[in-house]
There are 2 protein chains.
Amino acid sequence: MADALPKYLQIAKDLQRQIEEGTLKAGDRLPTESELAARWKVSTSTVKDALSELRKSGRVQTRPREGTFVLPRRRPLTITLNDRELDMPQVPAESRMGGGEGRAFRQEAERQGFQATWDLPEVTVGPAEPWQLEAFGLPPDQRVQIVQRKQRRFIDGEPNSLQYSYFTLELALKAPLLLNGEDIEQGHVAYLAELGFVQVGYLDEFDARPPHRDEAEFFGLSRDSLAVIEHSRTAYDQDGKPFRLTVTVYRPRSNKIRFYAGKVPPSVLEGS
Amino acid sequence: MADALPKYLQIAKDLQRQIEEGTLKAGDRLPTESELAARWKVSTSTVKDALSELRKSGRVQTRPREGTFVLPRRRPLTITLNDRELDMPQVPAESRMGGGEGRAFRQEAERQGFQATWDLPEVTVGPAEPWQLEAFGLPPDQRVQIVQRKQRRFIDGEPNSLQYSYFTLELALKAPLLLNGEDIEQGHVAYLAELGFVQVGYLDEFDARPPHRDEAEFFGLSRDSLAVIEHSRTAYDQDGKPFRLTVTVYRPRSNKIRFYAGKVPPSVLEGS
DNA sequence: GAGTGGTCTAGACCACCGG
DNA sequence: CGGTGGTCTAGACCACTCG
């Protein structure tokens with residue numbers, strides 16, 4: 001035979017095939033590592049390599065001390081980055097959403113037939129880290145306190161994304177609801193607009209990276225799972241000054257991130 | 001001590017620290033696996049786990065039979081998704097770029113002080129796969145041939161991204177340069193516009209996933225490295241019909257993908 | 001030929017949960 | 001308590017490069 005695949009990839013491929021063919025269905029537990037090792041006459045380490053490979057495909061989830069399970073194929077939540085309100089200057093500032101935060105998250109989810117929920121935000125205050133200073137356009141040696149609002153967001157009850165919003169303490173003192181560990185009914189963008197900090201534009205950036213330990217725990221990802229997608233948004237006020245930084249960490253495969261330009265058929269944009 | 005980290009994470013963390021502190025500099029080879037095993041008094045398997053973890057941070061690269069090397073910190077290429085020309089209808093169709101393809105790739109790279117090069121495209125023709133039919137808005141049972149143009153793109157001589165452009169054979173017969181394994185001087189978008197297929201809008205979607213074997217090879221990623229970012233663009237013509245599909249696979253950490261809305265200070269947009 | 005990482009063996013012990 | 005995957009041992013052999 002010509003250049004046989006390593007055993008661990010053969011095992012991974014065979015399991016993948018069984019999942020695709022439906023022999024292993026969503027929610028099923030895969031054979032245990034020792035069963036697979038016996039069946040394939042390999043050591044358990046080789047099986048562990050195979051399962052590690054499978055986890056990276058995003059089709060299975062390993063829960064320590066329980067086993068490895070086939071994940072259901074869920075319809076992903078579509079996150080559209082374009083902010084229709086922002087693109088239409090005639091809409092009053094009070095009704096601008098800011099895309100992806102608070103009410104906008106629920107509205108988008110419901111339009112797509114999902115139920116969106118979230119925990120109360122955890123508010124913490126601390127000295128700025130270098131990357132935060134850079135995002136706020138401040139010199140690297142500036143001493144400034146940053147307010148972090150961290151929120152866990154769920155779709156149909158399942159962990160979907162983690163959102164961190166950052167503000168300077170200086171701003172938060174003028175907008176004290178930011179310091180409350182409670183929802184801001186109208187959303188950050190509208191609340192700040194009421195106080196005169198209007199978001200006239202924003203810049204989004206993306207990266208993919210392995211999850212941190214707490215993110216892996218929240219999303220139920222064990223070792224060697226998929227990368228998460230990190231989406232940073234820097235919001236600018238009327239003076240072109242960055243006044244809000246939002247970092248959203250998405251669970252892989254549960255979200256579809258999209259952006260459009262020019263004329264795209266409405267049916268495409270609406271179809272989930 | 002309280003809940004010590006597993007050894008393999010301790011080792012990874014120590015190496016990471018040495019890289020950050022500069023004890024290990026860009027281009028340096030890390031100690032070999034057996035050296036690390038001896039130094040930490042652990043088995044080589046534990047060291048392999050540690051290096052696997054380190055590779056996921058994107059700071060090192062393992063080259064089989066050579067060793068593990070510290071990667072230089074390169075300034076990433078910024079890919080801006082907004083198409084300024086498309087957003088300005090007064091610009092004639094012939095000069096629209098399409099963002100990220102051919103000339104636009106070189107222009108953007110040079111503006112940021114990089115040198116962009118690419119291989120000649122590899123053209124292949126074959127039956128449509130289901131996801132391609134879906135992207136082109138065709139029924140799943142339709143029999144149609146798809147032309148693939150695959151191009152390897154480099155920044156400063158290093159592998160940067162892989163771009164696959166897809167067209168129906170029907171379209172390619174009306175635009176025969178698409179079937180040539182040569183560059184299209186003016187770019188796909190302009191060439192097709194000349195022939196009456198004007199891109200009036202597009203829809204971008206993102207995902208992060210582990211690299212395929214050939215992608216890992218092209219990017220020089222070995223086992224357990226970072227995820228690649230996949231960017232799909234579906235382009236629509238005047239009739240709202242999708243006529244071009246482009247999939248770009250980006251090397252992680254070498255690219256910064258961005259998008260803006262509303263008014264963002266020009267200095268931010270220009271600053272690479 | 002020496003040295004490298006990729007693959008693999010044949011286990012071991014542990015913490016944790018309720019299959 | 002039994003069974004699970006996470007961590008780890010102490011190696012082995014291989015294909016390949018030339019550090």
Side-chain angles (χ1 to χ4, degrees), chain A residues 1-13 15 24-56 60-71 210-211 213 216-217 220-225, chain B residues 1-13 15 24-56 60-71 210-211 213 216-217 220-225:
Chain A
M1 72 177 90
D3 230 8
L5 272 183
K7 282 186 196 169
Y8 76 97
L9 287 181
Q10 287 180 40
I11 299 171
K13 206 172 170 182
L15 290 166
L24 287 164
K25 288 180 294 296
D28 284 358
R29 197 184 75 176
L30 269 59
T32 68
E33 297 186 349
S34 26
E35 275 168 21
L36 285 169
R39 190 173 307 174
W40 284 82
K41 300 197 200 310
V42 297
S43 80
T44 56
S45 310
T46 302
V47 170
K48 283 170 203 285
D49 282 352
L51 291 178
S52 162
E53 198 63 26
L54 251 196
R55 280 193 289 273
K56 284 187 234 157
V60 305
Q61 176 182 43
T62 296
R63 298 204 285 271
R65 290 168 295 285
E66 296 184 41
T68 298
F69 299 83
V70 181
L71 288 173
R213 283 227 139 177
E217 197 185 339
L221 307 170
S222 60
R223 230 187 125 179
D224 292 322
S225 62
Chain B
M1 73 175 84
D3 230 6
L5 274 183
K7 283 185 196 170
Y8 76 96
L9 288 181
Q10 287 180 41
I11 299 171
K13 206 173 170 181
L15 290 166
L24 287 165
K25 289 181 292 296
D28 285 358
R29 198 184 74 176
L30 269 60
T32 67
E33 296 187 348
S34 25
E35 274 168 22
L36 285 169
R39 188 175 308 176
W40 285 82
K41 300 197 199 309
V42 297
S43 79
T44 56
S45 310
T46 303
V47 170
K48 284 169 201 283
D49 282 352
L51 292 178
S52 161
E53 198 64 25
L54 206 52
R55 280 192 289 270
K56 283 187 232 158
V60 305
Q61 177 182 41
T62 295
R63 300 205 283 272
R65 291 167 294 286
E66 297 184 39
T68 298
F69 298 84
V70 181
L71 287 173
R213 284 226 140 177
E217 196 185 341
L221 306 170
S222 60
R223 231 188 124 179
D224 292 324
S225 64

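Each chain gets a letter, A, B and so on, in the order its sequence line appears, and its residues count up from 1. In this text the structure is predicted, and so the values were computed from the model without any measurement.
- Separating the CG atom of A/Leu5 from the C1' atom of C/dC8 is a distance of 15 Å, rounded to the nearest angstrom.
- Using a distance-only test at 3.5 Å, with no hydrogens or angles considered, a donor-acceptor pair links the side chain of B/Ser222 to the main chain of B/Thr62.
- At least one side-chain nitrogen or oxygen of B/Arg29 sits closer than 4.0 Å to the OP1 or OP2 atom of C/dT4.
- Rounded to an integer number of Å, the gap from B/Gln61 CD to D/dG19 C1' is 14 Å.
- For C/dG3, neither phosphate oxygen OP1 nor OP2 lies less than 4.0 angstrom from any side-chain nitrogen or oxygen of B/Thr32.
- If A/Phe69 and A/Thr44 are placed on DNA chain C by their nearest nucleotide, the residue sitting closer to the 5' end is A/Thr44.
- A sub-4.0 Å separation between OP1 or OP2 of D/dT7 and a side-chain N or O of A/Arg223 is present.
- Protein atom CG of A/Leu36 is 16 Å distant from nucleotide atom C1' of C/dC8, rounded to whole Å.
- Note that OG1 of B/Thr46 is 11.0 Å distant from CG of B/Leu51, once rounded to the nearest 0.5 Å.
- Using a 4.0 Å heavy-atom criterion, one finds that A/Ser45 contacts the bases of the nucleic acid, with or without backbone contacts as well.
- Between the side chain of A/Gln10 and the backbone N or O of A/Leu5 there is at least one donor-acceptor pair closer than 3.5 Å.
- You'll find that the side chain of A/Lys7 is closest to C/dC8, out of C/dC16, D/dT7, C/dC8.
- The interatomic distance linking B/Arg63 (CZ) with D/dA15 (C1') rounds to 18 Å, in whole Å.
- Summarising the geometry, the separation between CZ on B/Arg65 and P on D/dC16 is reported as 7 Å, rounded to the nearest angstrom.
- Other residues, nucleotides and ligands contribute at most 12 non-hydrogen atoms within 6.0 Å of the CD atom of B/Glu217.
- Put simply, CG on B/Asp49 is 14 Å from P on C/dT7, counting in whole angstrom units.
- Close to D/dT9, at under 4.0 Å from its OP1 or OP2, lies a side-chain N or O of B/Ser43.
- Closest to the B/Pro64 side chain, of the nucleotides C/dT4, C/dG5, D/dT9, is C/dG5.
- Of the candidate nucleotides C/dT7, C/dT9, C/dC17, C/dT7 has the atom nearest to the side chain of A/Tyr8.
- Comparing A/Leu9 and A/Glu66 along DNA chain C, the residue whose closest nucleotide (by nearest heavy atom) sits nearer the 5' end is A/Leu9.
- Here the closest non-hydrogen pair linking B/Asp49 and B/Tyr8 is CB-CB, 3.7 Å.
- Comparing C/dG5, D/dG6, D/dC8 by their nearest atom to the side chain of A/Glu33 picks out D/dG6.
- Of the listed nucleotides (C/dG5, D/dG6, D/dG5), D/dG6 has the atom at the smallest distance from the side chain of A/Lys48.
- Nucleotide C/dG19 holds its P atom 17 Å from the CD atom of A/Glu35, rounded to whole Å.
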